[in-house]
Amino acid sequence: MPVGPVGRDESSAPFFDASARGEFLIRRCQTCASASEPQATTCASCSGIDLVWEPACGRARLVSWAVTYDVDEEHPTVLAIAELEEGPWWWSQIADADPEALDVDMALHIEFDRSGDSESVPIFRIASDHRKSDEATRR
């Protein structure tokens with residue numbers, strides 16, 4: 001199932017411009033240095049409003065998922081919530097995922113998908129080294 005369609009507005013334009021280049025942006029607070037999700041307008045840690053765009057590394061770990069079945073699709077769609085390495089959570093689909101093979105803390109990485117005339121959007125793929133993330137195994 002393709003993601004979208006999604007559209008841009010003035011506040012999301014930098015995010016979608018970066019996505020078109022294959023770069024995932026988050027927001028970084030200039031007051032306390034905490035990372036926030038791309039749609040944030042205030043810092044979740046200190047409520048600061050001085051947020052700047054910053055490239056994320058693109059690595060994440062699987063927190064939770066749901067599987068949807070569409071009669072028009074050959075394969076199920078896996079919708080995921082993942083924690084980015086920088087801290088914020090992001091939700092999207094996991095492309096080409098076998099729902100039976102998923103595990104909490106599984107390593108994911110971000111790629112980009114464009115459907116038709118829609119914006120390029122971040123999606124997840126299982127990382128080639130899909131063992132649980134190093135940080136998760138230390139917990």
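This one's a predicted model, so the numbers in the text were calculated from it and none came from an experiment. Atoms considered below: every heavy atom in the structure, side chains included; atoms not considered: hydrogens, waters and symmetry mates.
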To the closest 0.5 Å, what do you measure between SG (C57) and CD1 (I110)? 8.0 Å
Mark yes or no for whether S92, through its side chain, and P122, through its backbone, hold a donor-acceptor pair below 3.5 Å. yes
Indicate the atoms forming the closest heavy-atom contact of A82 with A60, along with that distance. CB-CB, 3.9 Å
Using every non-hydrogen atom in the two residues, find where P76 and Y69 come nearest and quote the distance to one decimal. CB-CE2, 3.4 Å
Counting distance only, does the side-chain N/O of D9 pair as donor-acceptor with the main-chain N or O of S12 below 3.5 Å? yes
Nearest non-hydrogen partners of L108 and I126, listed with the distance: CD2-CA, 3.9 Å
Is R59 reaching over with its side chain to a backbone N or O of H109, donor-acceptor style, under 3.5 angstrom? no
Quick one: closest heavy-atom pair of A95 and I123, and the distance? CB-CD1, 3.8 Å
Quiz: residues 29-47 side-chain donor-acceptor pairs under 3.5 angstrom, not counting sequence neighbours:
residue, atom, partner, partner atom, Å
S34, OG, S45, OG, 3.0

With rounding to the nearest 0.5 Å, note down the distance linking CH2 in W65 to CG in L79. 12.5 Å
Tell me every residue that passes ring pair (Phe, Tyr, Trp, His ring centres under 6.0 Å) with F15, counting only those two or more places apart in sequence or in another chain. F24, W90
Residues forming a side-chain hydrogen bond (donor to acceptor under 3.5 Å, both in side chains) with D50, sequence neighbours excluded: none
D105 versus V63: any side-chain heavy-atom pair under 4.5 Å? no
